[in-house]
Enquirer: 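The structure's right below; bear with me while I get my questions together.
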Amino acid sequence: LESDFYGGYKGTAGDFGYDVGILRYQYFNHDLTASPNTTELYVAGTFGPATLKYSHAISDLFGFDDSKNSYYLDLSATFDLGSGWSLTPHIGYQKVKNYSDFSYKDYALTLGKDLGNGWSASAALIGTDADKALYVTPSGKFTGKTMVVVGLKYAF
């Protein structure tokens with residue numbers, strides 16, 4: 001079971017938006033040798049449709065011993081296509097300190113549709129260049145396979 005705790009401050013200065021905060025990923029009753037519990041500080045800036053976000057691990061990162069000071073850099077944008085449609089490209093880079101073979105780039109292209117009354121739908125093409133020999137489940141399945149993810153969300 002993963003529980004995520006976060007807090008931060010978000011604001012604007014003219015046309016520039018900013019967001020700073022802290023994230024804690026807590027895994028209760030895990031049975032890993034190294035703790036997967038991770039704490040990150042982040043800062044993000046938004047200008048127009050684009051957002052650049054930097055997250056910095058102040059603890060070891062998701063079960064990697066001696067990986068404190070790992071980071072994730074994320075560049076995304078959201079483009080309004082009209083009639084409730086949006087397009088969101090994303091590229092990211094995960095640096096795992098002292099485990100360079102586990103560092104990777106990821107990408108996504110998401111098409112969204114506001115359906116009204118709090119409902120929205122999305123379809124995303126998601127992939128990574130993660131090493132296929134390293135990111136596998138205990139049964140040997142690669143977890144970074146390129147895929148399409150479809151979603152339906154209700155906000156209240």
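Just the heavy atoms: all of them, side chains too, but no hydrogens, waters or symmetry mates, feed the values below.
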Enquirer: Should I58 and Y99 be counted in the same cluster of Ile, Leu, Val, Met, Phe, Trp and Tyr side chains packed under 4.5 Å apart?
Expert: no
Enquirer: T51: which residues meet the side chain to side chain donor-acceptor pair (under 3.5 Å) condition with it, sequence neighbours left out?
Expert: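 With neighbours one apart ignored, the set is T46.
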Enquirer: Would you check if F102 and Q94 make a side-chain contact, meaning some heavy-atom pair closer than 4.5 Å?
Expert: no
Enquirer: Could you tell me if the side chain of Y72 sits less than 4.5 Å from the side chain of D106, heavy atoms only?
Expert: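 Yes, their side chains come closer than 4.5 Å.
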Enquirer: Quick one: hydrophobic cluster around F156, which other residues, with the 4.5 Å side-chain cut-off, linked directly or via members?
Expert: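 Members besides F156, by chain and number: L115, W119, L152, Y154.
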Enquirer: Apart from F28 itself, which Ile, Leu, Val, Met, Phe, Trp or Tyr residues share its cluster (side-chain heavy atoms under 4.5 Å, direct or through members)?
Expert: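 Besides F28, the cluster holds no residue at all.
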Enquirer: Compare every heavy atom of V96 with every heavy atom of S67, then report the nearest pair and how far apart it is.
Expert: CB-CG1, 4.4 Å
Enquirer: Hydrophobic clusters join Ile, Leu, Val, Met, Phe, Trp and Tyr when side-chain heavy atoms are under 4.5 Å apart, directly or via other members; which others share one with M147?
Expert: I126, V149
Enquirer: Kindly work out whether a path of hydrophobic side-chain contacts (I/L/V/M/F/W/Y, heavy atoms less than 4.5 Å apart) joins V150 to L87.
Expert: no
Enquirer: Can you name the residues that form a side chain to side chain donor-acceptor pair (under 3.5 Å) with D66, not counting sequence neighbours?
Expert: N98
Enquirer: Side chain to side chain contact (heavy atoms under 4.5 Å, CB included) with S100: which residues, sequence neighbours excluded?
Expert: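 Side chain to side chain contact (heavy atoms under 4.5 Å, CB included) check on S100 returns K95.
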Enquirer: Who passes side chain to side chain donor-acceptor pair (under 3.5 Å) against D60, sequence neighbours left out?
Expert: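 D60 satisfies side chain to side chain donor-acceptor pair (under 3.5 Å) with no residue once adjacent residues are dropped.
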Enquirer: Which pair of heavy atoms, one from K132 and one from V136, lies closest together, and at what distance?
Expert: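 What the structure gives for the nearest pair is O-CG1, 3.3 Å.
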Enquirer: For A34 versus G63, what's the shortest heavy-atom pair and its separation?
Expert: CB-O, 3.2 Å
Enquirer: Please report, to 0.1 Å, the donor-acceptor pairs under 3.5 Å made by any side chain of residues 11-24, with sequence neighbours excluded.
Expert:
from	atom 1	to	atom 2	distance (Å)
D19	OD1	Y42	OH	3.1
R24	NE	Q26	OE1	3.0
R24	NH1	T39	OG1	2.8
R24	NH2	Q26	OE1	3.0

Enquirer: If Ile, Leu, Val, Met, Phe, Trp and Tyr residues are connected whenever their side-chain heavy atoms lie under 4.5 Å apart, and connections chain through other members, are Y54 and L61 in the same group?
Expert: no
Enquirer: Should F62 and Y135 be counted in the same cluster of Ile, Leu, Val, Met, Phe, Trp and Tyr side chains packed under 4.5 Å apart?
Expert: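 Per the 4.5 Å side-chain linkage, F62 and Y135 are co-clustered.
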Enquirer: For atom NZ of K68, is the number of surrounding heavy atoms from other residues, nucleotides or ligands below 6.0 Å larger than 12?
Expert: no
Enquirer: What donor-acceptor contacts under 3.5 angstrom involve side-chain atoms of residues 73-83, with partners at least two apart or in another chain?
Expert:
from	atom 1	to	atom 2	distance (Å)
D74	OD1	S76	OG	2.8
D74	OD1	H90	ND1	3.2
S76	OG	H90	ND1	3.2
T78	OG1	T88	OG1	3.4
D80	OD1	G82	N	2.7

Enquirer: Run the salt bridge (Lys or Arg N to Asp or Glu O under 4.0 Å) test against D129 and tell me which residues pass, sequence neighbours left out.
Expert: K105
Enquirer: Can you name the residues that form a side chain to side chain contact (heavy atoms under 4.5 Å, CB included) with N69, not counting sequence neighbours?
Expert: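 Residues passing side chain to side chain contact (heavy atoms under 4.5 Å, CB included) with N69: H56, K97.
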Enquirer: Do Y27 and S35 pass the side-chain contact (heavy atoms from CB on, under 4.5 Å) test, and can you show the C-alpha distance, the side-chain angles, and the key distance before you say yes or no?
Expert: CA-CA 8 Å; Y27 299 89; S35 175; over 6 Å; no
Enquirer: Measuring from atom OG of S122 to atom NZ of K113, what distance do you get when rounded to the nearest 0.5 angstrom?
Expert: 13.5 Å
Enquirer: How would you list, by chain and number, every residue that makes a side chain to side chain donor-acceptor pair (under 3.5 Å) with S3, sequence neighbours excluded?
Expert: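 Listed in chain order: nothing, the list is empty.
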Enquirer: Give the cluster check for L134 versus F142: same hydrophobic cluster or not, with ILVMFWY residues linked at side-chain heavy-atom distances below 4.5 Å.
Expert: yes
Enquirer: Should Y107 and T146 count as side-chain neighbours, where that means a heavy-atom distance under 4.5 Å?
Expert: yes
Enquirer: Checking T38 side chain against P36 main chain: does a donor-acceptor pair fall under 3.5 Å?
Expert: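 Yes: the side chain of T38 pairs with the backbone of P36.
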Enquirer: Do D131 and Y104 have side chains that approach each other closer than 4.5 Å (heavy atoms only, starting at C-beta)?
Expert: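 No - every pair of side-chain heavy atoms lies 4.5 Å or more apart.
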